[in-house]
Novice: 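Provided herewith is a single structure, encoded as structure tokens, for subsequent inquiry.
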Amino acid sequence: MKKFSFLLVFSLLLFTACKKDHVDATNTKTLQSSINDMTASLSTIKQIKFNEALYILKTFGVEADGDVEELKALGKLIDGKKVPEILTMADEVAQKNGIEWASTSPPSLGEMNIFGDDKAKETDANDVKASSLSIIANPSGDDGTGAPTAIQIVPRLVDASGKPVSFTGAGLEATLEVFSNGVKLSTAKNLMQDNNFKGFNLKFSSIPAAKVVDNKIDITVSVKTTAKTFKMSKIGLDVNPSALKVPAPPKPDSTTVTQDPNAVIDPNNPTANPTNPTDPNATTTTPTAPKQPVADPKNTVSKFLSNVSSQNLKAAYDNSSNPSWGSYESFSNPTSGFGSVKNVSIKNITTNASNASGASVNATYDVTDKNGKTTSLKVTFGLKNVNGDWKISSYKINP
């Protein structure tokens, strides 16, 4: 009998020792098992707060589409973490997203389960009975001229008569999607804990001006209860165009390039050996036996601008070897890259310095972007000899 008791105690100790005190995100099964082990070691109140923290991180701490992908992303985020670390992470995410939640506050989000395999209980605070969703959208802020800088969007769950329903202690996932001309511009999420929810403050400065058509946006808000997801949209909301997000002055790229007939070309000898290259970023490494380029380096710059302005961006990219421009996708980006330019008017192209391995070309021209804004630029192009052809290797905008 004593031997049996000893074996029983030993097996219980062994079982306890095998329980995990940190997240194991090797796969979904180990993730759930380790979280269950960690939860089991907590008091009832701590268990609820731990589940709330996991929900906060899964919903607002990771970027993924769908519950399965969100769960995978959550696993990567918290792999190896212990309960205190996860609570701290959830506090930071809640604060960053303006969510009224804290790991030290009483339970406030109803029944939370990130694995989604618990059925609704009669006491589930998220099982809110409503008929539909209404939206109030009011301009807010002032840009100094009396024009708004944002829209305050407040959703309300209402009954069949249109009156707001009363509930508290819920953790309803509220999502705001912003569109213009059918193109999604942004998505934001928050927690709706009662029907006094403050909603979303949509700042115009977060919306890219290039993607807004006719200075109007459409919004869709969804609120997810246990039994149903309610949705409501508002179409054609006015925005303040001067408050929208505008990218920094674009790099030269254009739809149409117009050669100024009065453009001045420096007649200096392009083969002269400079003592000091003007462009500090120009490549100075000299190959052992470089093949001497035949063409003037300014011809490459002129060809580059012509290709860009005719929207032949692939040819323009092939005329360069500039690491700072990154991939072709980054180079041709219609918002932040050369694809954002509408017109380039060349004023002057001058070969500043040239030898067998490198060259420097100055160019002066006006750039007009697709919003109609014109910027005058003075640019120094650094070029390097690549198998006898000049390639643009650096790009510097001068004051």
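All values derive from a computational prediction rather than experimental measurement.
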Novice: Please list, chain by chain and in numerical order, all residues satisfying side chain to side chain contact (heavy atoms under 4.5 Å, CB included) with Ser134, sequence neighbours excluded.
Specialist: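 Only Arg156, Val158 meet the side chain to side chain contact (heavy atoms under 4.5 Å, CB included) criterion with Ser134.
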Novice: Could you tell me whether Lys391 atom NZ has more than 12 heavy atoms of other residues or ligands within 6.0 Å of it?
Specialist: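 Atom NZ in Lys391 is packed in, count exceeds 12.
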Novice: What donor-acceptor contacts under 3.5 angstrom involve side-chain atoms of residues 215-224, with partners at least two apart or in another chain?
Specialist:
{"unit_1": "Lys216", "atom_1": "NZ", "unit_2": "Asp238", "atom_2": "OD1", "d": "2.3"}
{"unit_1": "Asp218", "atom_1": "OD1", "unit_2": "Gly236", "atom_2": "N", "d": "2.8"}
{"unit_1": "Thr220", "atom_1": "OG1", "unit_2": "Ser233", "atom_2": "OG", "d": "2.7"}

Novice: To the nearest 0.5 Å, tell me how far Thr28 OG1 sits from Leu31 CG.
Specialist: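 If I round to the nearest 0.5 Å, the distance is 6.5 Å.
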Novice: In sequence, state the C-alpha distance, the side-chain angles, and the governing distance for Gln32 and Leu71, and then conclude on side-chain contact (heavy atoms from CB on, under 4.5 Å).
Specialist: CA-CA 10 Å; Gln32 184 164 11; Leu71 202 56; over 6 Å; no
Novice: Test your reading of the model: is there a side-chain donor-acceptor pair from Asn385 to the backbone of Ala356, 3.5 Å cut-off?
Specialist: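 Yes: the side chain of Asn385 pairs with the backbone of Ala356.
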Novice: Under the side chain to side chain contact (heavy atoms under 4.5 Å, CB included) rule, collect the residues that match up with Thr30, sequence neighbours excluded.
Specialist: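 Applying side chain to side chain contact (heavy atoms under 4.5 Å, CB included) to Thr30 gives Asp24, Thr26, Asn27.
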Novice: If you count the non-hydrogen atoms of other residues, nucleotides and ligands that lie under 6.0 Å from CD in Gln95, is the total more than 12?
Specialist: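 It does not: Gln95 CD has 12 such atoms or fewer within range.
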Novice: Look only at the side chain of Ser394 and the backbone of Gly382, and say whether a donor-acceptor pair between them is shorter than 3.5 Å.
Specialist: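 Present.
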Novice: Which of these passes side chain to side chain donor-acceptor pair (under 3.5 Å) with Thr351: Asp296, Asn299, Asn362?
Specialist: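 The option that passes is Asp296.
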Novice: With sequence neighbours left out, write down each residue that passes salt bridge (charged side-chain N to carboxylate O under 4.0 Å, His left out) with Asp159, or none if nothing qualifies.
Specialist: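 Asp159 satisfies salt bridge (charged side-chain N to carboxylate O under 4.0 Å, His left out) with no residue once adjacent residues are dropped.
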Novice: Keeping Ser354 on the side-chain end and Ala359 on the backbone end, is there a donor-acceptor pair under 3.5 Å?
Specialist: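 No.
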Novice: Calculate, to the nearest 0.5 Å, the distance between atoms NZ and CH2 belonging to Lys384 and Trp390 respectively.
Specialist: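 It comes to 12.0 Å.
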Novice: What distance separates Ser302 OG from Tyr365 OH, expressed to the nearest 0.5 Å?
Specialist: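 So the gap between those two atoms works out to 11.5 Å.
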Novice: Who pairs with Glu92 by side chain to side chain donor-acceptor pair (under 3.5 Å), at least two apart in sequence or on another chain?
Specialist: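 Listed in chain order: nothing, the list is empty.
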Novice: State plainly whether the residues Lys129 and Asp127 are in salt-bridge range, i.e. N to O under 4.0 Å.
Specialist: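 Salt bridge present between Lys129 and Asp127.
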Novice: Does the distance from a Lys or Arg side-chain N to an Asp or Glu carboxylate O, for Lys49 and Glu52, drop under 4.0 Å?
Specialist: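 The answer is yes: the pair qualifies as a salt bridge.
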Novice: How long is the span from the NZ atom in Lys20 to the CG atom in Asn36, to the nearest 0.5 Å?
Specialist: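 So the gap between those two atoms works out to 12.0 Å.
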Novice: Roughly how far, to the nearest 0.5 Å, is the CD1 atom of Ile349 from the CG atom of Leu305?
Specialist: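 Reported value, rounded in 0.5 Å steps: 6.0 Å.
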Novice: For Thr104, enumerate each residue passing the side chain to side chain donor-acceptor pair (under 3.5 Å) test, keeping only those at least two apart in sequence or located in another chain.
Specialist: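 Checked Thr104 against side chain to side chain donor-acceptor pair (under 3.5 Å); zero matches.
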Novice: Would you please name every residue forming a side chain to side chain donor-acceptor pair (under 3.5 Å) with Ser376, sequence neighbours left out?
Specialist: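 Only Asp366 meet the side chain to side chain donor-acceptor pair (under 3.5 Å) criterion with Ser376.
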Novice: Could you list the residues that satisfy side chain to side chain donor-acceptor pair (under 3.5 Å) with Asp91, not counting sequence neighbours?
Specialist: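 With neighbours one apart ignored, the set is Ser103.
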Novice: Would Ile392 and Ser321 count as a side-chain contact (heavy atoms from CB on, under 4.5 Å) here? Give the steps.
Specialist: CA-CA 6 Å; Ile392 296 171; Ser321 180; over 6 Å; no
Novice: Checking Ser206 side chain against Lys203 main chain: does a donor-acceptor pair fall under 3.5 Å?
Specialist: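 Yes; judged by distance alone, with no hydrogens or angles, the pair exists.
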Novice: Testing the basics here: between Met38 and Ile86, what is the closest heavy-atom pair and its distance to 0.1 Å?
Specialist: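 Looks like CE-CD1, 4.0 Å.
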Novice: Please output the side-chain donor-acceptor pairs of residues 142-153 that fall under 3.5 Å, not counting sequence neighbours, one pair per line with the distance.
Specialist:
{"unit_1": "Asp142", "atom_1": "OD1", "unit_2": "Gly144", "atom_2": "N", "d": "2.7"}
{"unit_1": "Asp142", "atom_1": "OD1", "unit_2": "Gly146", "atom_2": "N", "d": "3.0"}
{"unit_1": "Asp143", "atom_1": "OD1", "unit_2": "Thr145", "atom_2": "N", "d": "2.9"}
{"unit_1": "Asp143", "atom_1": "OD1", "unit_2": "Thr145", "atom_2": "OG1", "d": "2.6"}
{"unit_1": "Asp143", "atom_1": "OD1", "unit_2": "Ala147", "atom_2": "N", "d": "3.3"}
{"unit_1": "Asp143", "atom_1": "OD2", "unit_2": "Thr145", "atom_2": "OG1", "d": "3.3"}
{"unit_1": "Asp143", "atom_1": "OD2", "unit_2": "Asn240", "atom_2": "ND2", "d": "3.0"}
{"unit_1": "Gln152", "atom_1": "NE2", "unit_2": "Lys198", "atom_2": "O", "d": "2.9"}

Novice: Going by the angle between their ring planes, with limits at 30° and 60°, are Trp325 and Phe304 parallel, tilted or perpendicular?
Specialist: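 Parallel: the ring planes of Trp325 and Phe304 meet at under 30°.
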Novice: Please test Val154 against Phe197 for side-chain contact (heavy atoms from CB on, under 4.5 Å), starting from the C-alpha separation and ending with a verdict.
Specialist: CA-CA 7 Å; Val154 182; Phe197 179 47; 5.7 Å; no
Novice: Between Leu313 and Asn307, is there a side-chain heavy-atom distance shorter than 4.5 Å?
Specialist: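 SC-SC contact between Asn307 and Leu313 ruled out.
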Novice: Does anything in residues 329-341 form a salt bridge (Lys or Arg N to Asp or Glu O under 4.0 Å)? List the pairs, not counting sequence neighbours.
Specialist: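 Qualifying pairs: none.
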Novice: What I'd like to find out is whether the side chain of Leu185 reaches to under 4.5 Å of the side chain of Phe179, using heavy atoms alone.
Specialist: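 In short, these two side chains do not touch, never coming nearer than 4.5 Å.
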Novice: Walk me through it: do Val367 and Thr374 pass the test side-chain contact (heavy atoms from CB on, under 4.5 Å)?
Specialist: CA-CA 5 Å; Val367 176; Thr374 300; over 6 Å; no
Novice: Could you give all pairs that pass the salt bridge (Lys or Arg N to Asp or Glu O under 4.0 Å) test and reach residues 176-196, with sequence neighbours left out?
Specialist: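 Output for this query lists Glu70-Lys189, Glu173-Lys189, Glu177-Lys184.
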Novice: Does the side chain of Lys58 reach to within under 4.5 Å of the side chain of Leu77, using non-hydrogen atoms?
Specialist: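 When only atoms from C-beta onward are counted, Leu77 and Lys58 do not touch, as no gap falls below 4.5 Å.
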Novice: Who pairs with Glu69 by side chain to side chain contact (heavy atoms under 4.5 Å, CB included), at least two apart in sequence or on another chain?
Specialist: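 Result, side chain to side chain contact (heavy atoms under 4.5 Å, CB included) vs Glu69: Ala64, Lys72.
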